[in-house]
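Reviewing the structure listed below.
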Amino acid sequence: MITWSQWWPWRWARGGRAKAGGITACSSNKDTVGEMGMTVGQACAGHLSPAADPGRAMKMLLLTGLGALFFAYYWDDNFNPASLQGARVLLTGASAGVGEELAYHYARLGSHLVLTAPTEALLQKVVGNCRKLGAPKVFYIAADMAFPEVPERVVRFALDKLGGLDYLVLNHLGAAPAGTRARRAQATRWLMQVNFLSYVQLTSLALPSLTDSKGSLVVVSSLLGRVPTSFSSPYSAAKFALDSFFGSLRRELDVQDVNVAITMCVLGLRDRASAAEGVRGVTKAKAAPGPKAALAVIRGGATRASGVFYPWRFHLLCLLRGWLPYPRAWFIRQDLNITVPAAA
């Protein structure tokens with residue numbers, strides 16, 4: 001049984017206060033605390049105020065400052081919806097998921113639209129909905145970006161219908177099933193054409209018009225373009241290539257004093273059937289809600305932000321990747337539905 005003389009120093013060490021004979025427990029008394037093996041002086045050392053420890057005070061001040069900057073960055077919202085009224089927008093991948101929601105948001109805001117996707121029937125449905133939502137002009141062109149000659153046809157169509165471009169929103173996606181079969185050379189070539197080379201072609205063709213209008217390039221990418229994960233080698237390669245290409249292009253435009261903004265949007269798993277099917281049974285990740293992700297993309301493009309992260313925690317993951325570039329296999333497997341990675 002613990003006696004009073006043994007109990008009060010232990011209770012003080014857990015956050016309480018004790019006094020003995022008018023002298024506080026934080027005296028220089030070095031008596032041991034019975035069987036607990038702790039001195040009162042040692043207990044007091046763990047409860048020094050920040051003023052008594054300059055290093056600790058500086059750490060607290062630094063963390064507070066970083067927290068304030070972080071929240072100021074995300075709370076600073078100078079988005080003006082009126083700036084998109086009458087804007088001329090070419091949107092790819094507009095038939096489903098985030099792309100479909102982007103089309104609806106732009107329509108509500110009064111933008112002039114050219115929509116493209118491979119499936120004409122789905123495009124016609126989206127175009128009809130955009131007209132109901134109040135879009136002044138909506139055109140569509142069915143196009144499969146897997147064919148190298150298609151991007152030029154799409155850009156020429158948009159310039160002919162709209163007379164120029166204020167926004168080029170690159171959102172189309174070629175999704176391959178996750179797993180080892182996705183690493184085959186043929187599948188990799190197809191993915192690189194759809195998810196990277198077609199982006200480069202569309203950008204090169206639309207850049208002169210965007211330069212004239214001082215417009216914006218909005219590139220909808222993925223977390224896998226910043227943080228690689230298992231069983232997505234070709235897809236991650238294409239997304240990393242996007243990040244590098246547009247990062248370099250942004251610097252080139254800055255050096256040349258070309259007033260064209262580039263907004264890179266880092267999203268999670270797309271909220272569309274093809275993306276969900278591609279990772280079915282492999283990952284535990286959930287798709288991001290399409291309407292909210294689309295609105296974040298539109299805000300970023302309209303405010304000419306350099307980057308958009310949705311959900312916002314993806315920004316932290318990208319920062320952590322710099323500190324932990326090679327995570328342990330156990331940590332990676334926590335997000336997978338497998339216990340042992342498949343062999344190459």
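The first residue of the sequence shown is numbered 1, and numbering continues consecutively from there. In this text the structure is predicted, and so the values were computed from the model without any measurement.
For the pair S95 (side chain) and A117 (backbone), a donor-acceptor distance under 3.5 Å is absent. A donor-acceptor pair is defined here as one N or O able to donate and one able to accept, closer than 3.5 Å; such a pair exists between the side chain of S83 and the backbone of N80. No donor-acceptor pair closer than 3.5 Å links the side chain of S306 to the backbone N or O of T263. Checking side-chain atoms of S209 against main-chain N and O of L165 turns up a donor-acceptor pair under 3.5 Å. Remark: the backbone N or O of H112 is not paired with any side-chain donor or acceptor of R88 at under 3.5 angstrom. Side-chain N or O atoms of S216 include none that pairs as donor or acceptor with a backbone N or O of Y167 at under 3.5 Å.
In this structure, E101 does not pair ionically with K292, as no charged nitrogen and carboxylate oxygen lie closer than 4.0 Å.
Grouping the Ile, Leu, Val, Met, Phe, Trp and Tyr side chains by contacts below 4.5 angstrom, directly or via other members, places V260 with V200. With hydrophobic clusters built from ILVMFWY side chains whose heavy atoms lie under 4.5 angstrom apart, F157 shares a cluster with L170. Following chains of ILVMFWY side-chain contacts shorter than 4.5 Å, one can reach L133 starting from V89, so the two form part of one hydrophobic cluster. There is a path of hydrophobic side-chain contacts, each under 4.5 Å, that joins L205 to L253. A continuous path of ILVMFWY side-chain contacts below 4.5 Å connects F139 to V155, so both sit in one hydrophobic cluster.
Atom CG of residue L90 and atom CG of residue D166 lie 11.5 Å apart, to the nearest 0.5 angstrom. A distance of 5.0 Å separates OG1 in T203 from CG in L217, rounded to the nearest 0.5 Å. Rounding to the nearest 0.5 Å gives a distance of 10.5 Å between CE of M192 and OG of S198. Interatomic distance, CG of L267 versus OG of S221, reported as 8.0 Å (0.5 Å rounding). To the nearest 0.5 Å, atoms CD1 (I141) and CG (L123) are separated by 10.0 Å. To the nearest 0.5 angstrom, S244 atom OG is 12.5 Å from L249 atom CG.
With hydrogens and angles left out, the side-chain atoms of N78 and R304 include no donor and acceptor closer than 3.5 Å.
Taking the six-membered ring for Trp and thresholds of 30 and 60 degrees, H172 and Y199 have ring planes inclined between 30 and 60 degrees apart. Aromatic ring pairs are classed by plane angle as parallel below 30°, tilted from 30° to 60° and perpendicular above 60°; the pair F196 and F245 is perpendicular.
Between M145 and L202 the shortest side-chain heavy-atom distance falls below 4.5 Å.
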Handout entry: Derivation of the salt bridge (charged side-chain N to carboxylate O under 4.0 Å, His left out) call for E149 and R153
Key = CA-CA 7 Å; E149 68 276 7; R153 182 162 57 90; over 6 Å; no

Handout entry: N129/Y104 under side-chain hydrogen bond (donor to acceptor under 3.5 Å, both in side chains): CA gap, chis, key distance, verdict
Key = CA-CA 7 Å; N129 291 335; Y104 296 155; 2.8 Å; yes

